[in-house]
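Step one of this worksheet: look at the structure below.
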Amino acid sequence: DDLYRAMIAAGEASGDLGGILARISEYCDKSEDVKSKVQAALVYPAALSVIARGVLVLLMTFVVPKIAVQFESFNAELPALTRFVIGLSDILTRFGPAFLLIFIAAAIGYSAALRRQPLRLKVHGFWLRLPLVGRLLRVVASARLARTLGTLVEGGSPVPEAILAARETQSNQVVRDAVDGIYKDVREGGALASAFRKSGIFAPLLVYMVAMGEKSGSLPHMLTKTADYLESEFDGVTRTLMNLLEPAIVVIMGLMVGVIVMSIMLPIMRLNSLVLS
């Protein structure tokens, strides 16, 4: 890719191809570490959420309808909660396949529309504006950009070329456009820290450390240290969030199942009270 080619070219130009190859290896290790942390943070909650939804669908489409048939033989007015659950179960049983097809079609349409630049910018910008998710996305983007720039500049690559190569490591279109703006400002003679500050996208720590690196002449070192810190911050925040999210999903699932069980028990309890009276 563009990043590898830029690093190899910098190594050949500086006569330190072996050192550049070692940095590429280190960069790959760090990048894979960040990617694995992101995936590990999302896999378990996603799987737990899917299982929870599957259990609820099974209850609503198989268990509740059979019990509803038994309730019909009572010839008595059912509680409001029971009627609500039975009505919802009836809707899912009758129109469940249609809802599934609509969901699949909407997902395919959204994926196709996301390829268009205007919508992609709006969606990616929306994610960045979210209170907590946006902060994490900015931290990851800043860490990835700092790691790439630090590796390239340390290997002898000119800063503008390093910025262009680092752009390829970003998946968010808003961030990519911000990197394009940084490249333009630097090509016109502006300071790298000022260009970062002007973009308003990246973590404030990155802007500060870039400014310090430019003043002290140790930009690659400052970028690498920034990447280390931001990756550590991301790891700590995601670990805390996952520790909170997992029990939250369990509690929500328990409440939903509890509502279904309560809707079944209420008519039975009422029937028992009528028999005893």
- Item | All pairs passing salt bridge (Lys or Arg N to Asp or Glu O under 4.0 Å) where residues 127-143 contributes a residue, at least two apart | Arg135-Glu233
Could you state the interatomic distance from [atom1] ([X]) to [atom2] ([Y]), rounded to the nearest 0.5 Å?
X	Y	atom1	atom2	value
Thr224	Leu149	OG1	CG	10.0 Å
Arg53	Met256	CZ	CE	9.5 Å
Met222	Ser216	CE	OG	4.5 Å
His221	Thr226	NE2	OG1	9.0 Å
Leu137	Gln170	CG	CD	10.5 Å
Ile163	Tyr183	CD1	OH	8.5 Å

Hydrophobic clusters here meaning ILVMFWY residues chained together by side-chain heavy-atom distances under 4.5 Å, can you tell me if [X] and [Y] are in one?
X	Y	result
Leu244	Phe234	no
Val251	Val55	no
Val139	Leu132	yes

- Message: With heavy-atom distances below 4.5 Å as the criterion, would you say the side chains of Arg147 and Leu223 are in contact?
- Response: no
Closest approach of [X] and [Y], non-hydrogen atoms and distance?
X	Y	value
Val153	Pro220	CG1-CG, 3.6 Å
Ile260	Met60	CD1-SD, 3.6 Å
Val179	Arg167	CG1-CB, 3.7 Å
Thr61	Val57	OG1-O, 2.6 Å

According to side-chain contact (heavy atoms from CB on, under 4.5 Å), who are the partners of [X], at least two apart in sequence or on a separate chain?
X	result
Val257	Leu56, Leu59, Met253, Val261
Ile91	Phe95, Phe99
Ile86	Val64, Ala68, Phe71, Leu78, Thr82
Leu100	Ile104

Which donor-acceptor pairs under 3.5 Å do side chains of residues 118-125 form with protein atoms, sequence neighbours excluded?
residue, atom, partner, partner atom, Å
Arg120, NE, Gln173, OE1, 3.3
Arg120, NH1, Leu114, O, 3.2
Arg120, NH1, Arg115, O, 2.7
Arg120, NH2, Gln117, OE1, 2.5
His124, ND1, Gln173, N, 2.8

- Query: Within the distance-only criterion (no hydrogens, no angle test), does the side chain of Ser111 pair as donor or acceptor with the backbone N or O of Ala107 below 3.5 angstrom?
  - Reply: no
- Message: Is it the case that the side chain of Ser232 and the backbone of Asp228 share a donor-acceptor pair, with hydrogens and angles ignored and the cut-off at 3.5 Å?
- Response: no
Side-chain donor-acceptor contacts of residues 186-211 below 3.5 Å, not counting sequence neighbours, with atom names and distances?
residue, atom, partner, partner atom, Å
Ser199, OG, Phe196, O, 2.6

- Could you work out the complete set of other residues in the hydrophobic cluster of Ile102, with links drawn between I, L, V, M, F, W and Y side chains under 4.5 Å apart? none
- Each residue besides Phe62 in its hydrophobic cluster should be listed here, by chain and number; the cluster joins Ile, Leu, Val, Met, Phe, Trp and Tyr at side-chain heavy-atom distances under 4.5 Å. Leu58
- Across all chains, not counting sequence neighbours, the side chain to side chain donor-acceptor pair (under 3.5 Å) partners of Thr240 are none
- salt bridge (charged side-chain N to carboxylate O under 4.0 Å, His left out) against Arg176, all qualifying residues, sequence neighbours excluded: Glu168
- Query: Which pairs pass side-chain hydrogen bond (donor to acceptor under 3.5 Å, both in side chains) with one or both residues in residues 88-109, sequence neighbours excluded?
  - Reply: Asp90-Arg94
